[in-house]
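Just so you know, these numbers come straight off a predicted model, no measurement behind them. Just follow the structure's listing: the first ligand is 1, and inside any ligand the first atom is 1.
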Amino acid sequence: MRTGFAACLARAAAGRELNREDIITLLGAAVGAEADALYRQADNVRARVAGDEVHLRGIIEFSNYCRRRCYYCGLRADNARLRRYRLMPEDIVAVARRGAELGYGTVVLQSGEDPWYTAPVLAGVIREIKKLGVAVTLCVGERPREEYARWREAGADRYLLKHETANEELYARLHPGMSWSARRQCLTWLKKLGYQVGSGNIIGLPGQSLADLADDLLLLRQLDVEMAGLGPFIPHPDTPLGGEPAGSVELTYRVVAVARLVIPYAHLPATTALGTLAANGRQLALTRGANVIMPNLTPAEYRPDYQIYPNKICVNEGPEDCRHCLEGMVRSLGRRLGRGPGHALKQFMVVTI
Ligand code: SAM
Ligand code: SF4
Ligand code: FES
């Protein structure tokens, strides 16, 4: 192991704040002794701050209409080959009820940016779902501050809005008609409105460097996020980035592990994108810093059409299949399913990392 690398890990173990150079060094862990030591340390911190519980957040992909044109995403407005669908409000609530019956403590409502769901319509959905006694996470993109406020009043607990990349120039290139500052503004509003805020980035975007990924983690620390979604880029053939290589699975593990050291109290999901690129990707992520999984609750008939990227896992399964699959996965790792809503870990922030 290189001495510089060992020194960075030791600084992290001593609870010292990692700087940009430290983070770049750790992200560059060589396969073998360095990566193994990084993963061990991330797993230790995960065990101390989050325990052995793996929280399941049931995700309902309720609309694949989107007004945006993100270069990487199969739901982008320009993709005419996608069959579009919308779940009606009462159907979303019915799916959420099924999620509550399956024991999920959180329901995540995710969609493209679809103005069909006005603020009052989504507020009504949130109010109904809250009657089921579960936490509600929204993931519906950029909206005006008043709409975020209205949904918070209706009972929404959390909001997931990934910053996608902290490199402003790269952000501008990949998001026509959008701006990094508008994204940042939304995250500030959400925090001030009292949401538990999740953000995160894509790993392996064309033109992205290790320094960019370090900046992503520094931004997540600055935002003081309660959750960070860190998943690999997967090229979709019907997008402008269709011919680009996928993000590296190994690099994604390293980003998740370093994230556990930089933002120890954040919930870190073992992402579906990782499970799509590697058959045991989610299991490995759970042993390298991650503590959450987001099983699909979307009704089977719509799953093939929520094609953010190709070959997404669980497209041919139903909600019950995923529930049982994950229970087995979590048990096989010697961990246990989380109980209750699994709110922010920061409320338990008493130990020194
Ligand atoms: N429309 C909302 C938004 O963008 O915040 C929520 C839904 S969007 C499909 C959820 C996430 O999918 C995005 O934040 C992005 O990181 C991820 N995503 C989209 N296309 C992807 C791809 N090709 N590879 C990996 N992740 C992708
Ligand atoms: Fe729309 Fe979100 Fe996909 Fe961008 S990432 S095209 S906003 S669904
Ligand atoms: Fe869906 Fe395993 S999580 S089948």
Side-chain angles (χ1 to χ4, degrees), residues 54 56 58-79 82 84 102 108-115 117 137-143 159-165 171 174-178 182-183 186-187 190 198-206 208 216 228-242 244-247 252 269-277 279-283 293-298 300 303 306-330 332:
V54 176
L56 303 185
I59 177 163
I60 306 174
E61 300 153 335
F62 65 89
S63 162
N64 68 353
Y65 281 86
C66 189
R67 67 194 180 104
R68 301 292 194 184
R69 302 167 57 223
C70 307
Y71 268 29
Y72 41 80
C73 179
L75 306 193
R76 65 199 306 272
D78 303 24
N79 183 7
L82 192 66
R84 305 278 172 172
L102 287 171
V108 183
L109 302 180
Q110 191 184 88
S111 68
E113 282 199 21
D114 184 358
Y117 299 86
T137 302
L138 298 176
C139 180
V140 300
E142 295 180 25
R143 301 282 284 237
Y159 204 102
L160 172 57
L161 185 72
K162 287 167 74 176
H163 66 272
E164 314 295 4
T165 172
Y171 186 93
L174 300 180
H175 301 93
M178 297 173 77
R183 197 79 172 175
C186 286
L187 286 162
L190 291 164
S199 194
N201 57 282
I202 305 181
I203 294 147
L205 288 166
Q208 189 184 45
D216 285 319
L230 306 163
F233 163 64
I234 304 179
H236 187 300
D238 301 322
T239 65
L241 301 186
E244 299 290 338
T252 304
T271 60
T272 303
L274 196 48
T276 297
L277 286 186
N280 60 350
R282 290 178 301 175
Q283 288 92 320
I293 292 200
M294 295 168 76
N296 202 332
L297 262 180
T298 309
R303 289 188 181 200
Y306 201 79
Q307 250 223 44
I308 308 173
Y309 45 73
N311 305 318
K312 196 158 150 239
I313 49 171
C314 307
V315 160
N316 299 316
E317 280 77 18
E320 290 74 14
D321 303 316
C322 292
R323 172 68 176 74
H324 292 126
C325 164
L326 291 176
E327 182 157 7
M329 182 195 294
V330 167
S332 73

salt_bridge(R183, E164) N-O dist < 4.0 Å:
yes
Under-4.0 Å protein heavy-atom contact, atom 19 (C) of ligand 1
yes
Charged N to carboxylate O under 4.0 angstrom, E142 versus R68?
yes
Sidechain-backbone polar pair: Y309 side chain, P237 backbone, donor-acceptor under 3.5 Å
no
Between the candidates M294, E317, R303, which shows the shortest non-hydrogen contact distance to atom 4 (S) of ligand 3?
E317
Could an N or O of ligand 1 be found under 3.5 Å from any N or O of E164, whether backbone or side chain?
yes
Compare L241, L161, I234, L274 and give the one whose heavy atom is closest to atom 22 (C) of ligand 1.
I234
Answer with side chain, backbone, both or neither: which part of Q110 has a heavy atom less than 4.0 angstrom from an atom of ligand 1?
side chain
Could you list which atoms of ligand 1 come closer than 4.0 Å to a heavy atom of F233?
24 (N), 25 (C)
Using the rule given for side-chain contact (heavy atoms from CB on, under 4.5 Å), can you reason through L241 versus L174, listing the C-alpha separation, both sets of side-chain angles and the distance that settles it, and then say yes or no?
CA-CA 9 Å; L241 301 186; L174 300 180; 3.9 Å; yes
At under 4.0 Å between heavy atoms, which part of Y71 makes contact with ligand 1: side chain, backbone, both or neither?
neither
Nearest-0.5 Å distance that lies between atom CG in L138 and atom OH in Y117:
13.5 Å
Atom 1 (Fe) of ligand 2: closest protein heavy atom, distance to 0.1 Å, is C66 SG, 2.2 Å
From CA spacing to verdict: salt bridge (charged side-chain N to carboxylate O under 4.0 Å, His left out), E61, K312:
CA-CA 13 Å; E61 300 153 335; K312 196 158 150 239; 2.9 Å; yes
Check whether any side-chain N or O of R76 sits under 3.5 Å from a backbone N or O of C70 as a donor-acceptor pair, and report yes or no.
yes
I need the atoms of ligand 2 closer than 4.0 Å to a non-hydrogen atom of R76, numbered in the order shown.
6 (S)
What protein heavy atom lies closest to atom 26 (N) of ligand 1? Include the residue and the distance to one decimal.
I202 CD1, 4.1 Å
Quick check on contacts: which atoms of ligand 3 are under 4.0 angstrom from a heavy atom of L326?
3 (S)
Given S111, G74, C70, C139, which has its nearest heavy atom closest to atom 4 (Fe) of ligand 2?
C70
Would Y309 count as being in polar contact with ligand 1, using the rule that some N or O on each side must be under 3.5 angstrom apart?
no
H236 side chain to Y71 side chain, donor-acceptor N/O pair below 3.5 angstrom:
no
Any side-chain donor paired with an acceptor under 3.5 Å for E244 and Y72?
no
Shortest protein heavy-atom distance from atom 3 (Fe) of ligand 2, along with the residue and atom involved:
C73 SG, 2.4 Å
Can you tell me how far the OG atom of S63 sits from the CD atom of E113, to the nearest 0.5 Å?
11.0 Å
What is the nearest protein non-hydrogen atom to atom 21 (C) of ligand 1, stated with its residue, atom name and distance?
I308 CG2, 3.4 Å
For ligand 1, is any non-hydrogen atom under 4.0 Å from Y72's backbone (N, CA, C, O), its side chain (CB onward), both, or neither?
both
Determine whether the side chain, the backbone, both or neither of C73 has a heavy atom under 4.0 Å from any heavy atom of ligand 1.
both
R282 touching ligand 3 at heavy-atom level, < 4.0 angstrom
yes
Looking at T298, is its backbone amide N or carbonyl O close enough to the side chain of R303 to form a donor-acceptor pair, meaning the two atoms are under 3.5 Å apart?
yes
Out of G141, S111, G112, whose heavy atom sits nearest atom 7 (C) of ligand 1?
S111
Which ligand 2 atoms are under 4.0 Å away from a heavy-atom of G112?
8 (S)
Just going by heavy-atom distances, which of P295, G318, C314 is nearest to atom 3 (S) of ligand 3?
C314
Heavy atom under 4.0 Å from ligand 1: found in P232's side chain, backbone, both, or neither?
backbone
On a heavy-atom basis, I'd like to know which of R183, R68, E142 is closest to atom 5 (O) of ligand 1.
R183
What residue and atom, counting heavy atoms only, is the protein's closest point to atom 2 (Fe) of ligand 3, and at what distance?
C325 SG, 2.2 Å
Between the side chain of E327 and the main-chain N/O of R323, is any donor-acceptor distance below 3.5 Å?
no
Take every heavy atom of C139, measure it against each atom of ligand 1, and state whether any distance is under 4.0 Å.
yes
